[in-house]
Amino acid sequence: MSKPLSQILSDGSLLDNTIHRAQAGWFCAGTMGAGVEIQQGGRGANHPRAVWPLIQEAAALNQESTRLVISKPEADYEHNTEDPFLSLSGVDPLNFTLTTGNLIGCVKIGDHSLRISSRFGDEFLKFIIADADGFVELPEHGGTDSGDYRWLLVYLWLIKLRKAFRLGLPKAYETRTETLTQVRGRLDPIDYFRNNNQARYRCTYREHSYDNGPTRLIARTLRHLDSHSFLREAHTLNQTFQMATRGRSTPLQDLLATAPVRNPYYEDYNPVIELSKRILRDELSDFGDKTSTSAFFFDVSMLFEYFVRKLLRRAGAVLRDKTGSTWSIPRGQPFSTRQRKLIPDLVFDLHGRSFVFDVKYKSLRFQHGVNREDIFQLHTYIGQAANESEVGACGLIYPIHESQWEAKGLESNCGIFSDAINQAGKQIPFHVVFLKIPEQGTLTDAEWPKAFRNQFSMIVRSFASTLLEKLNSTAKSKSAA
C-alpha cells in the first residue's frame, strides 16, 4: 500500500505523544502502526519534496503568533506554551522523524496541511470538553468533515456558550443618542436652541440593554456558523441572540474590539467572547490573510488536568487552589528576591496529611517507567509540601488505552501501581494511577459515539472514588500506626 506524503500528513495518521518515522521511503506512525510506502512518482503537489517545506514550517512555528486556544473559565486552566507542536530530525522527505507532544491541531500552507490528532480519538476530546463545563449530556455530533481540528474550536465555543447562556443574555450599559419627546440624560443644548419649537429633544443617555457588544459579537458568530453541524440543535439559541440585537449589522473591526464583560455575574461569557473573536478572525483569512501559513493548536494536557480535578472534586476531595499556592523556591539569581513558584496539579488533605499528585497526559513507557524529569519534579513537590504538613502519599496520573490496560493486567489492581519514595528518612507511598480510555474496536462509526460515552461515563465514576478509597485506607493505617 502506498500514499502521497501529503495524504499521510493530513489524514489523521499523526497522533500526539508519538514518534513517527520515515525510513527509506516507508512511513510508520508510532511503534504499532503499519508501514505505508510514500509515493515517489509524479510531479508537482504530490511529490514528497513539495510537502517538505510544510513539515519544516510546522516544526519551526512560533506558537505565540498562531491561533492557540487558551481558555480559562476557572483558575484551574493552565497552558504550557513551551511545548512545541512537533520536533523534526532529518533533512530528507523520505527519511525523517517527527516527535509529537501534548498539542493537537493543524498547520496549513497553500493546499497542503499537517494534522496531529488525539491518540484517544475525537470522542474522548468531545467528552472531556463537554464534561468540564457540565454538558456531558450533549448528543453526539459530527464535525470532522473539514479534515482538520477547526471543528474543535466550534465545539468548545458552543459548550461555553451554552454554559454562559444559563445566566441569561448579558446586559450591559449602552450609551445612546436619540431625539425624544422628554428629556433623558444629557440634553444637547445646541440642538435644543435650534429646534425647541418642535418639543423634541436630542439626548444622550445610558441604559441597560441586551443589544450590546458581547451579544452582537455572539450573534455574528452564530450567523457565521449557521451551516455548521454542531448548531443544528441550537436554533433557539441563535434566534434569541438575533432578536436581542435586532438584526443589527456591526462592522467586523468593531466586533473584534469587543471588551470583556465586567459584571462578575456574566463572567462566563468572557471565554465565549475570546473564542468568538478567534472564529471570526479565521473568517478574515478567507479574504486573503497576512501570511500563507495558518495554524490551529489545542493543548489537550491542559484540559485533561482540569478534567481529572473535576472528577476528584465530585468524589469529595477538597483541592487546594492552584493560584493561591504559596510554594516557591529561590531562582538562584544574585541580588534578587524573586522566587520560582511550584504548583503541583493536585494537592488535597486527608486525615491531617497532604497528598500531592501530578497529572500527565503524555504516554507512560512501561519498559522505562516514569520519566526522569517527572520523578525529580515530584520529589521537589513532596519536599515543599513537607514544609507545611506531613505528606500522606504522592503520585502521577496517566490516561491509558483500554488494550494497554488489559495487556498490562491493570484490572487486578484497579489501575494503581503502588511503591514508596524515601525522602528525608521517611517512607512516602508513591502511586502511579491510570485512567482507562475505551477503544472503538469492531464498533461502527455510527455506534461508537454513544458507546464511548456510556463506557467512559462508568469508568470515570469509579476512577476517583477508587483512588480516594486507596488513599483513605493508606492514611488511616498510618494514623493507626
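None of these values were measured; they are calculated from a predicted model.
- Using modelled atom types, one side-chain atom of Thr215 and one backbone atom of Tyr210 make a donor-acceptor pair closer than 3.5 Å.
- A distance of 12.0 Å separates NZ of Lys160 from OG of Ser276, quoted to the nearest 0.5 Å.
- Side chain of Thr466 to main chain of Ala464: no donor-acceptor pair is present (N/O by atom type, distance under 3.5 Å, no hydrogens or angles).
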**Request:** Could you walk me through whether Ile416 and Val432 pass the side chain to side chain contact (heavy atoms under 4.5 Å, CB included) test, one step at a time?
**Result:** CA-CA 6 Å; Ile416 303 176; Val432 179; over 6 Å; no
**Request:** Apply side chain to side chain contact (heavy atoms under 4.5 Å, CB included) to Phe463 and Leu311, showing your working.
**Result:** CA-CA 8 Å; Phe463 166 79; Leu311 295 182; 3.9 Å; yes
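- For the 3.5 Å distance criterion, the side chains of Glu411 and Trp405 qualify, holding a donor opposite an acceptor.
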**Request:** Decide yes or no on side chain to side chain contact (heavy atoms under 4.5 Å, CB included) for Val433 and Leu396, but give the supporting numbers first.
**Result:** CA-CA 6 Å; Val433 186; Leu396 298 140; over 6 Å; no
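- Between the NZ atom in Lys426 and the CD1 atom in Ile382 there is a gap of 12.5 Å [rounded to 0.5 Å].
- Under the 4.0 Å criterion applied to side-chain N and carboxylate O atoms, Lys126 and Asp131 are not assigned as salt-bridge partners.
- In this structure, CG in Leu158 is found 11.0 Å from CG in Leu275, a value given to the nearest 0.5 Å.
- Side-chain atoms of Asn102 and Asp16 form no donor-acceptor pair, as typed in the model, at a separation below 3.5 Å.
- When all heavy atoms of Gln455 and Pro438 are compared, the pair lying nearest together is OE1-CB, 3.4 Å.
- Contact of the Phe127 side chain with the Phe307 side chain is registered, since non-hydrogen atoms from C-beta on lie closer than 4.5 Å.
- Here the closest non-hydrogen pair linking Ala59 and Leu88 is CB-CB, 3.8 Å.
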**salt bridge (charged side-chain N to carboxylate O under 4.0 Å, His left out) assessment of Arg115 paired with Asp11** = CA-CA 7 Å; Arg115 173 187 176 191; Asp11 66 5; over 6 Å; no
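- When all heavy atoms of Ala385 and Val356 are compared, the pair lying nearest together is CB-CG2, 3.8 Å.
- Residues Glu267 and Asn270 are in side-chain contact: their nearest non-hydrogen atoms beyond the backbone lie under 4.5 Å apart.
- Glu447 and Thr444 share a side-chain donor-acceptor pair at under 3.5 Å.
- Taking the charged nitrogens against the carboxylate oxygens, Arg372 and Asp374 have no contact shorter than 4.0 Å, which rules out a salt bridge.
- Donor-acceptor pairing under 3.5 Å is recorded for the side chains of Arg320 and Ser354.
- A salt bridge does not link Arg166 with Asp268: every distance from a Lys NZ or Arg NE/NH1/NH2 to an Asp or Glu carboxylate oxygen is 4.0 Å or more.
- In this structure, Asp358 and Ile397 have side chains that are not in contact, with every pair of non-hydrogen atoms separated by 4.5 Å or more.
- If you check the side chains of Ser363 and Arg119, you find a donor sitting under 3.5 Å from an acceptor.
- Counting heavy atoms from C-beta on, the side chains of Ile55 and Leu5 come closer than 4.5 Å.
- Taking both residues in full, the closest heavy atoms of Thr258 and Gly213 are given as CG2-C, 3.7 Å, listed atom of the first, atom of the second, then distance.
- Residues Phe165 and Leu237 form a side-chain contact, since some pair of their non-hydrogen atoms from C-beta on lies under 4.5 Å apart.
- No side-chain heavy atom of Ile116 sits less than 4.5 Å from a side-chain heavy atom of Leu103.
- Within the 3.5 Å criterion, the main-chain N or O of Leu443 finds a donor-acceptor partner in the side chain of Gln440.
- Using cut-offs of 30° and 60° on the angle between ring planes, the pair Phe96 and Phe27 is tilted.
- The pair Lys277-Glu274 does not count as a salt bridge, with every side-chain nitrogen at least 4.0 angstrom from each carboxylate oxygen.
- Between Phe452 and Trp448, the ring planes lie perpendicular to each other; the angle is over 60°, past the 30° to 60° tilted range.
- The closest donor-acceptor contact from the side chain of Asp345 to the backbone of Val359 lies under 3.5 Å.
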**Message:** Would Lys310 and Tyr306 count as a side chain to side chain contact (heavy atoms under 4.5 Å, CB included) here? Give the steps.
**Reply:** CA-CA 6 Å; Lys310 295 268 290 192; Tyr306 182 64; 4.0 Å; yes
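- Tested against His401, the residues Phe434, Phe124, Phe120 include a single ring-ring contact (aromatic ring centres under 6.0 Å, His included) partner, Phe120.
- Atoms SG and CZ, from Cys394 and Phe357 in turn, are 7.0 Å apart once rounded to the nearest 0.5 Å.
- Considering only heavy atoms from C-beta on, Phe456 comes within 4.5 Å of Ile437 through its side chain.
- Taking CG from Leu114 and CD from Gln56, the interatomic distance works out to 12.0 Å, rounded to the nearest 0.5 Å.
- The closest side-chain heavy-atom distance from Val318 to Phe348 is not below 4.5 Å.
- When atom types are taken as modelled, the side chain of Thr100 and the backbone of Thr18 share a donor-acceptor pair closer than 3.5 angstrom.
- In this structure, Lys171 is not positioned above the aromatic face of Tyr266 in the sense of NZ or CZ being under 6.0 Å from the six-membered ring centre and within 45° of the axis.
- Nearest heavy-atom pair, Leu169 versus Tyr269, reported as atom, atom and distance to 0.1 Å: CA-OH, 3.9 Å.
- Listed here is the closest heavy atom pair of Arg309 and Leu319: O-CD1, 3.7 Å.
- Rounding to the nearest 0.5 Å gives a distance of 12.0 Å between SG of Cys106 and CG of Leu152.
- Judged by distance alone, the side chains of Ser418 and His431 do bring a donor and an acceptor atom under 3.5 Å apart.
- Not a single donor-acceptor pair under 3.5 Å links the side chain of Ser13 to the backbone N or O of Leu9.
- Proximity of a side-chain donor or acceptor of Glu402 to a complementary backbone N or O of Glu439 within less than 3.5 Å is detected.
- With 3.5 Å as the limit, one finds no donor-acceptor pair spanning the side chains of Asp299 and Tyr361.
- Thr221 and Trp157 share no side-chain donor-acceptor pair at under 3.5 Å.
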